Every structure is written in C-alpha cells, then in structure tokens.
Amino acid sequence: MSKRDRTPKTYTRLTHPLVRDSRAEPFRRATWEEALTRTAAGFGRARGAFGMFSCARATNEMNYVAQKFARVVMGTNNVDSCNRTCHAPSVAGLSAAFGSGGGTSSYEEVEHTDLIVMWGSNARFAHPIFFQHVLKGIRNGARMYAVDPRRTKTAEWAESWLGLNVGTDIPMAHAIGREIIHAGLANRAFMERATTDHEEYAALVEPWTLSLAEQVTGVPAAAIQELAHAYARAERAQLCWTLGITEHHNGTDNVRALINLSLLTGHVGRFGSGLQPLRGQNNVQGGGDMGAIPNRLPGFQDILDPDTRHTFESAWDTTIPPRYGLNLTEMFEAMEEGTLKAVYCIGENPAQSEADSEQAARRLRALDFLVVQDIFLTKTAELADVVLPATAAWAETDGTTTNSERRVQRVRKAVAPPGEAREDIDILCELAGLLGHEWKYADARAVWDELRSVSPDHRGMTYDRLEALQGIQWPCPDEDGLEPSYLHGRLWEADPQRRGRRAPFGLVAHDPPVDATDEAYPIRLTTGRRLDSYNTGVQSGGFASPLRRGEYVELCPEDAERYGVVAGEEVRVASRRGSVVAPVWVDPGLRPGLAFMTMHFPDEVDTNRLTIEANCPIAGTAEFKASAIRIDKLTDRSG
C-alpha cells in the first residue's frame, strides 16, 4: 500500500436521482419519475422478501412514515436502523427490567447528583454535550468514577479510574454487587418491595470475591471495593454507559449487570438517581420510539399485543403481521440465505458501519434490488440500483428528534435543499402511492399528530407545547401536565397497585469475548470514537478540524517498544477476518496488550475489516469492542 493520504475522502452532495440499467454499468442521471417508478416496481417484486433500514439521524416523523411504509405498503415488520449496532442492548436490558427501553433520568439530574459512574464511555469525546452536564455535576460536588479499559479524556476527570480488561464488565459488576451485599449496604427495603429474584442474584454474585474479580478484570480489589461503597452510600447516583458496554456479543447481559446495581441500592426512580445509556446519533432514541424497530410499534408498544395491533390496524386500515420482524443483523443473515431480496436503505451506510465490513458489502451486492436514499453517495449507495437524493434532517427539514434523556425537540427547515433533493417523507409518500396507498400529509405536524393519536406516551406533545417548553420528555400522556423528569418512580410507591410490576434482577453470567487472543493474535483491539469525527466520516470528513489526524492504530508505549515501532510508522494490523495498513499512534492511556482504533476513516483505513460479527443473541449487536489482532512491521513482511 502506498503512503496514506491524510486528507479524508469528501463526499459530494447528491442533487438528482441516479439509476443504472445493470450492476455492470455506471450510474446515470434520471428523472424523479423514472427513479420512483423503478423503485416501486422493484419493491413490488419483492413482497415477502423486503427489508427497511431507517435512519437514526432523520426526524421522528420520517421514522414514523418509514416504519409505516414497511408495515402497511410492504406488509412486513422487517424494519430497523443503526440502533442495532449501538444501543439495542440498552433497550433490551432496560425493557426486561422496567418494561421501557428509555434512559431513566434527565441530563439536569446529572448536575444535581452526588456520584456519577461512567462505565464503558468516553463521553467527553463521544457525547460532549452530555459531558457538559457531567462537568456541572462535578463542579457542584459530585464524585465521578470511570470504568473503562482505556484511561480516556473522560477518565482524567474521574476521582478514580478502574481500567478493566475488555469484556470483563460482568465480573466487575458482580463483584461490586457482592461487596455491597456483604458490607450490609444493600437497600433491602427497596429490593423486597420493588424487585424480584434478589436472593437468586445474591447467590449468583457470591463467588465473585474482590480477589477473584481482581484476577479476571485486572483492577485492584481495593479500587473495586471503593467504588462499591461509594455507589451504595451515595444519596443519589447516576450510572451512565455507552458502547463499551453494549457492543459485545453479550451486550444485553452487560446492561442487565449494571441495572442490577441500581436495583440493589435503590438508585433508580428518584430525582438524581438513575440509569443513563448515552446515545451517539441525534435520533437513535426517536427512531426506536417511532417504531422503526422490528418488535415495537410507535410509542414502544409491543407488536405481539393484540390490542396494540388492533389500534394501529384501525388507524392505518391494514393488517399487521402478528410476529416480530427481522432486525438489522438478521436481515443481513437473510441476504446471505437469499430470503431477503430487496432493501430500502434510508440515511444509513451499513457497507462501512457493520462489523466484518467485507462480508456486509458482499451481502448487499447479493440483493436483487437495493435502493439508497441519502444526502451523499456513500459506499452503500455505490452498491445500489437506484439512489434517491434526500434533504438533510437537521437543516432542510421540519420535524422533531428525541435525545438520550427522552426529550422531544423541534427541528426546523432553515435552508432550501440543493438541486432536486426532496424531503424523505415526500419520497416515501409518493412511493406508497405508486404501490397503491394514497397518503396525504400536509406537513410534518400532520405526521406528528397522527403519531400522537396512536402513541399514549406522546399524546400530550403538540408542536405548540414542544416549542413553548423547548422540548418535552416522554411520557407525556396529556396536554395539561408534565411527568417527572425521571422514570419508574412507581417503584417507590407503598401501594402495590400503584407500584405495579416489580423489576427483576438479571441473572447473567460472565462470558468472555468470542475472538480470543493467542500467540497468533496477541493484541486486544477495542474501537471507539474521537471528538472531531463522526460515524463512518461521510458527514464529518468534509469539514476541517484542527484536531483531526486521520486513522491510527493506537498502542501503549510498552507495546510500541516491544514491536519496535514509532509514532507515524505504518504497520499492518491483521485479525482473523482481514487486515489494514495504518500508522501507529502512541497513547499512554492504553495498557500493554490493548490497541484502539475508530471507524471514522474507512476509505483510508477500514477498521471494520478487523471487527468480528459475533452478535448478542438478544439484541443483535456485534462485538465491535473485542477483536484479536496482531501487529506486523511492514519492513519485516517485505524483508
């Protein structure tokens, strides 16, 4: 490989539809009429073998119409989005414990809590807005603990950093739980009143002594003990996590292990005490809330519930399949099997964002028909049969988005889209019409009002109220009041009827990473984000940043010395799935045997060639955080 160009590839904005007459031919410009007619014909041939990839960056209104298109027009629940690659385990874990997949607290509560645990999260880089609230909390006196394999810029703000081995979160959580129980710090009154399975949980964690946890996690027993006591003794505590917890083959179990700690101590359902899964894109929460997932209808209502289906079937004049659809991971597997033949991909770039990216691209090529609707000609769009130019959700579209604290906020059209680009909802509705469903929405407000009519959690959120209050958290069941900023306060009710369903402890066991390190692949690669870049770099690569230095494989000083490499030297990074060439960066925040890379520059260094598609069986999320790699000096290989 020749010396790497440090300037990221920039993507030109799509301004007109593109089609091609065969996969062997290049794209040619088309009219909207031709592009939409081709799209409708292709989808019409694929009934029963269709999948929709919706968009976590687009508005709630777009996601609502997209999932409705899949269910009503195409008759399938095969709809999902990039939440599958990030926070689906959070949704699954929180739903299993509390019946709702949203984070339990507001951002403001982080400013007024006593203790913050940042677990598997470099929030200072990945969630800088939320981290401003964390900093306010620290300035107000909160103590912060960081649990992360790397000593990140977030960890530098912590009172204590617990640098655990990748994939040992459950042993760490179980050891903390055991220590809390043995020290007599468990909130037994809360457990007995509001939870189930606490005795089984106590038996589960009993083997996880501090000394055993130290052996497995690599964290000193005293540090684990200190965190356990600090969390349990705090009057109010926030437990926050990101993809360091979820992007594992057992991501949902990891989430359940953290939730257990809140149930053990009563740090949930009160102002300042709660659980915060931090979402990376602007509308990951909203996409799921709008039903752009295969198992829930809008308002996070279970698709298997007959009454729920009846409500939507009456509203939409259709019949909804009484079964869960395929999630994103399962749709890729169905491509391999040949049972999924057509995909409508809106605003996503799975050819580069999926683990084991070469396999993902091969599966997309195997489709009979692929349509991509986006603002740039991404690597995924380059594989499509039809490309439809859309508007940017954050500046060219009216609507709403929902952030990690469940706050729905307005976004407004500020500029006109370029060329012939059209709003997503207009495109979807015209396609629906070509396929026999006449949908007429006067504007985004009309879509939102339809959503309010079928989602009790959103019923009280009129556009006027959203504007007047500058956003409202769900649930908001009526127009006359607001609910508390935190969820599950019912768990503290004395009346069993008002308390409702108890929260079960998650009885989850340690299961180490699938891709084991050995003599051939001795380094553990974990992946993440950097402050100045975003996702696969399509949106952020075109903007200059004084911080951006392209992709590197980051090693600790000891490993760099052991391999005889220096900063800037290009090396080959190989896993059991493929290899890339990347320059070295030396980071003292890493420990021996641990390397770090991002997926921000896949056109230069395709990190996801290295990652493993070992999926969480509950959530379908891949184990991006734990690949086994080796480092080869290029001079040695040529020599």
Side-chain angles (χ1 to χ4, degrees), residues 86 89 117-127 144-176 213-221 223-224 227 239-251 253-255 257-258 278 280 355 510-517 521-530 552-560 562 573 575 585-599 607 610-612 614 621-631:
C86 55
V117 181
M118 300 296 301
W119 197 315
S121 175
N122 185 10
R124 190 181 177 196
F125 276 18
H127 308 278
M144 188 175 89
Y145 287 77
V147 184
D148 198 297
R150 297 185 300 146
R151 189 171 187 276
T152 64
K153 291 297 182 184
T154 299
E156 291 177 2
W157 285 88
E159 181 172 312
S160 178
W161 166 56
L162 285 72
L164 80 174
N165 296 326
V166 173
T168 61
D169 302 276
I170 289 175
M172 172 73 80
H174 283 1
I176 292 171
E214 178 175 321
Q215 293 174 35
V216 174
T217 67
V219 177
I224 301 172
L227 173 54
L239 209 170
C240 313
W241 68 85
T242 324
L243 308 188
I245 283 295
T246 61
E247 286 186 339
H248 290 273
H249 76 285
N250 56 347
D253 286 354
N254 282 346
V255 171
L258 301 195
L278 307 176
H510 174 45
D511 190 9
V514 172
D515 200 13
T517 55
Y521 298 95
I523 299 287
R524 174 63 71 202
L525 171 68
T526 194
T527 60
R529 295 174 175 164
R530 297 196 177 98
Y552 285 74
V553 55
E554 299 184 8
L555 302 172
C556 70
E558 295 88 343
D559 281 340
R562 181 158 63 95
V573 186
S575 77
W585 185 266
V586 178
D587 181 359
L590 292 165
R591 294 171 296 132
L594 181 65
F596 176 78
M597 298 179 75
T598 80
M599 64 171 186
T607 301
L610 308 172
T611 52
I612 184 171
T621 300
E623 192 156 63
F624 290 89
K625 300 298 185 189
S627 301
I629 62 166
R630 68 167 183 264
I631 305 293

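These numbers were taken from a predicted model, which means no experiment stands behind them. Below, each value reflects all heavy atoms present in this structure, side chains not excepted, and no hydrogens, waters or symmetry copies. Quick note: residue numbers are just sequence positions, from 1.
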Salt bridge (charged side-chain N to carboxylate O under 4.0 Å, His left out) with [X]: which residues, sequence neighbours excluded?
X	answer
Arg530	Glu551, Glu554
Asp559	Arg562
Glu159	Arg143
Asp515	Arg576, Arg577

Could you check whether any side-chain heavy atom of [X] comes within less than 4.5 Å of a side-chain heavy atom of [Y], counting everything from C-beta outward?
X	Y	answer
Phe596	Leu590	yes
Thr154	Met144	yes
Val147	Met118	no
Val219	Thr168	no
Thr246	Asn254	no
Val573	Ile631	yes
Met172	Trp119	yes
Ile170	Asp253	yes

Locate the shortest heavy-atom distance separating [X] from [Y]; write the atom from each residue and the value.
X	Y	result
Asn122	Lys153	OD1-N, 3.9 Å
Thr607	Thr598	OG1-O, 2.6 Å
Pro89	Gly251	CB-C, 3.5 Å
Ala213	Pro171	CB-O, 4.3 Å
Ala595	Ile629	CB-CD1, 4.0 Å
Leu594	Pro149	CD2-O, 3.7 Å

Within this structure, what is the [atom1]-[atom2] distance for the pair [X] and [Y], rounded to the nearest 0.5 Å?
X	Y	atom1	atom2	result
Ile176	Leu258	CD1	CG	8.5 Å
Thr517	Arg630	OG1	CZ	14.0 Å
Met597	Thr527	CE	OG1	10.0 Å
Leu227	Ser160	CG	OG	7.5 Å

Partners of [X] by side-chain hydrogen bond (donor to acceptor under 3.5 Å, both in side chains), sequence neighbours excluded?
X	value
Ser121	Thr242
Thr611	Asn608
Asn165	Arg591
Glu623	His249

Partners passing ring-ring contact (aromatic ring centres under 6.0 Å, His included) against Trp585 (at least two apart in sequence or in another chain): Tyr552
[X]: which residues meet the side-chain contact (heavy atoms from CB on, under 4.5 Å) condition with it, sequence neighbours left out?
X	result
Arg529	Ala126, His127, Leu243, His600
Gln215	Leu212
Asp148	Arg150, Thr152, Trp161

Residue pair His510, Asn250: steps toward the side-chain contact (heavy atoms from CB on, under 4.5 Å) verdict: CA-CA 9 Å; His510 174 45; Asn250 56 347; 5.6 Å; no
